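Report on the structure given below.
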Amino acid sequence: MTDANFTGSFTQQEPIPEEGIAAAMEVLRHGRLHRYNTVSGEVAETALLEEEFASLTGARYALAVSSGGYAMATALRAVGVGQGDTVLSNAFTLAPVPGAIASVGGRPVFVEVTEDLTLDFGHLESQARATGAKVLLLSHMRGHVCDMEALMDLSSVLGLTVVEDCAHTMGAMWRGVPSGRHGTVGCFSMQTYKHVNAGEGGFVITDDPDVAARAVLLSGSYMLFSRHRAAPGPEHFEGLRLDTPNISGRMDNLRAAILRPQLKLLDDRRHRWRGLYETIETGLKGVPGLRLIVRPAEEDFVGSSFQFLLPDWDQARIRSLIARCSARGVELKWFGAPEPVAFTSRYDHWRYASPEPLPQTDRVLAGLIDMRLPLTFSESDCRLISAIIRDEAMRVGQGEVEAVAHAPLAD
Ligand SMILES: *Cc1c(COP(=O)(O)O)cnc(C)c1O
């Protein structure tokens, strides 16, 4: 038991490293922010960033773009998704994922998730057979990675091209393979709440030269694709350049300058995030009625957020727990709320996709609690946060559901 309240901010990230600030100042001083605006002999920060991200992930090709959502849409177009095509995706994901599918004229069809918050392979198989879908946009939502070898085997049996949404797995690995390197394409986000922060930004990585060339052209390279250093040779652009639309979504040199030093910190960030995650996990072990998510040993995850389940808790109890934690400074998000709140929405809120009901996912999401863990938290902060959740869960679990149960949910 603790009486202390938590006073930290769940949305405060670390500052940009000094090296990034200095590099950004240099870009501002010379004024060449556009990636193709270089002087003779100069290599743009954006081109260097791509080269460094390709080397970090082991991908042959990397393209930096304006957002994670744009990266996914570009990847889908580059693998051939067009008007009316079905694209499968996890029912547990974030709004930009079905949004990327819709933006290319595709039809999102959702696949059930398990209690471990990963894709249900049985349902993937039946949805793939029922729809004839050719593409799976696999979202490693909140950093939970499914058995990637099994997924790739099943996808090849089903004839599915896999595009990975790695917004929450930049820097993570499955059995030592960097996330984003199993599927045909990996997509990442550099938005402020992800693992490197440029405000906005995205990466597309692939080993396929035609997919890479299409992605570069789509991103708005005009006819300057030869300035890219992590792109295929000119022969791969020849047959495509007049047939691929320019859908501008480039990265710029200012954001690239801020990002480059952060790539070097990814390993260290993964370790620090893991420390925070494990502190919360230890603190919540054994709380009656609260189920922790099992993390497979193959998954070297980045613990930038924490999830747990309250299976079979009724809505009033869950609202009461959230309100009590909030009153003590601990911001919990809930995927079971009937209406979307800020970043938290659910597959059945995406009405434009005409989602079919998914009873298994509904059951999981009804009791799913989510919490950000910014790196500005210390392990002692995480001990306090988990102690508060533990105390309040025990109180609410003992039947203290009050008027607060109907209080509005926080952002
Ligand atoms: C943030 C996020 C993205 C990409 O989002 P952008 O805001 O467009 O960079 C994609 N998938 C998931 C699961 C995300 O959380």
Side-chain angles (χ1 to χ4, degrees), residues 10-11 13 49 53 62-77 87-104 106 108 110-111 113 117-119 135-146 162-172 179-180 183 185-205 215 218-219 247-252 255-256 258-259 262 273 293 301-307 333 335 340-347 349-350 353 361 364-365 368 370-374 411:
F10 280 78
T11 51
Q13 306 300 330
L49 173 72
F53 195 64
L63 172 71
V65 293
S66 56
S67 74
Y70 184 90
M72 292 185 287
T74 303
L76 293 173
R77 274 202 185 87
V87 177
L88 302 174
S89 192
N90 318 37
F92 174 48
T93 186
L94 213 73
V97 176
I101 299 170
S103 79
V104 302
F110 299 107
V111 178
V113 294
L117 307 184
T118 58
L119 204 65
V135 176
L136 166 66
L137 179 51
L138 172 66
S139 184
H140 305 300
M141 177 63 172
R142 292 293 186 261
H144 298 273
V145 179
C146 65
V162 178
V163 174
E164 295 181 68
D165 165 23
C166 306
H168 302 153
T169 55
M170 185 189 284
S179 188
V185 194
C187 303
F188 299 80
S189 169
M190 291 86 106
Q191 194 230 77
T192 293
Y193 301 109
K194 312 299 162 89
H195 301 168
V196 294
N197 173 12
E200 303 285 356
F203 278 124
V204 175
I205 61 170
L218 286 164
S219 76
I247 306 173
S248 287
R250 292 169 303 271
M251 169 61 62
D252 59 84
R255 284 182 295 165
I258 291 170
L259 286 165
Q262 295 184 58
W273 254 314
I293 311 293
F301 61 92
V302 180
S304 52
S305 66
F306 194 94
Q307 293 72 42
K333 292 151 193 294
F335 279 94
V341 179
F343 289 97
T344 309
S345 63
R346 202 174 53 207
Y347 80 93
H349 299 147
W350 306 322
T361 298
V364 172
L365 297 185
L368 179 60
D370 178 35
M371 171 168 69
R372 288 182 203 280
L373 294 178
D411 282 358

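Just so you know, ligand 1 is whichever comes first in the structure, and atom 1 is the first atom listed for that ligand. Keep in mind that the numbers below use all heavy atoms, side chains included, and drop hydrogens, waters and symmetry copies. Just so it is clear, the structure is predicted and the values come from calculations on it, not from any experiment.
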query: Do T169 and V302 have side-chain heavy atoms sitting under 4.5 Å apart?
result: no
- request: Verify the distance criterion only: is there a donor paired with an acceptor across the side chains of H195 and S304 at less than 3.5 Å?
  value: yes
- prompt: Does M72 come within less than 4.0 Å of ligand 1, judged by its heavy atoms?
  reply: yes
query: Identify the closest protein heavy atom to atom 9 (O) of ligand 1: which residue and atom is it, and at what distance?
result: S189 OG, 2.7 Å
- request: Identify the protein heavy atom lying closest to atom 8 (O) of ligand 1, giving its residue, its atom name and the separation to 0.1 Å.
  value: G69 N, 2.7 Å
task: Hey, can you tell me if W350 and F110 have their rings parallel, tilted or perpendicular (30° and 60° cut-offs)?
output: tilted
- request: Compute the shortest N/O to N/O distance between Y70 and ligand 1 and return yes if it is under 3.5 Å, no if not.
  value: no
query: Which of the atoms of ligand 1 are close to V97, meaning less than 4.0 Å from one of its heavy atoms?
result: 11 (N)
- prompt: Quick one: does M190 get a heavy atom under 4.0 Å from ligand 1?
  reply: no
message: Would the distance check show the side chain of S89 and the main-chain N or O of L137 forming a donor-acceptor pair, the cut-off being under 3.5 Å?
response: yes
- request: For residues K333 and V341, determine if any side-chain heavy atom of one lies less than 4.5 Å from a side-chain heavy atom of the other.
  value: no
message: Tell me whether S139 has any N or O atom under 3.5 angstrom from an N or O of ligand 1.
response: no
Check: V163 and M72 side chains under 4.5 Å, non-hydrogen atoms: no
F335 six-ring face occupied by R142 cation (under 6.0 Å, within 45°): no
query: Of all the non-hydrogen atoms in the protein, which one sits nearest to atom 13 (C) of ligand 1, and at what distance?
result: D165 OD2, 3.3 Å
task: Please examine the side chains of V196 and F188, heavy atoms only from C-beta on, and report whether any two atoms are closer than 4.5 Å.
output: no
- line: atom 1 (C) of ligand 1: of M141, Q191, K194, E200, the nearest heavy atom sits on K194
- request: Find all atoms of ligand 1 within a distance of less than 4.0 Å from any non-hydrogen atom belonging to A167, and give their numbers and elements.
  value: 2 (C), 3 (C), 10 (C), 11 (N), 12 (C), 14 (C)
- request: Among all protein heavy atoms, pick the one closest to atom 15 (O) of ligand 1 and tell me residue, atom and distance.
  value: H168 NE2, 2.6 Å
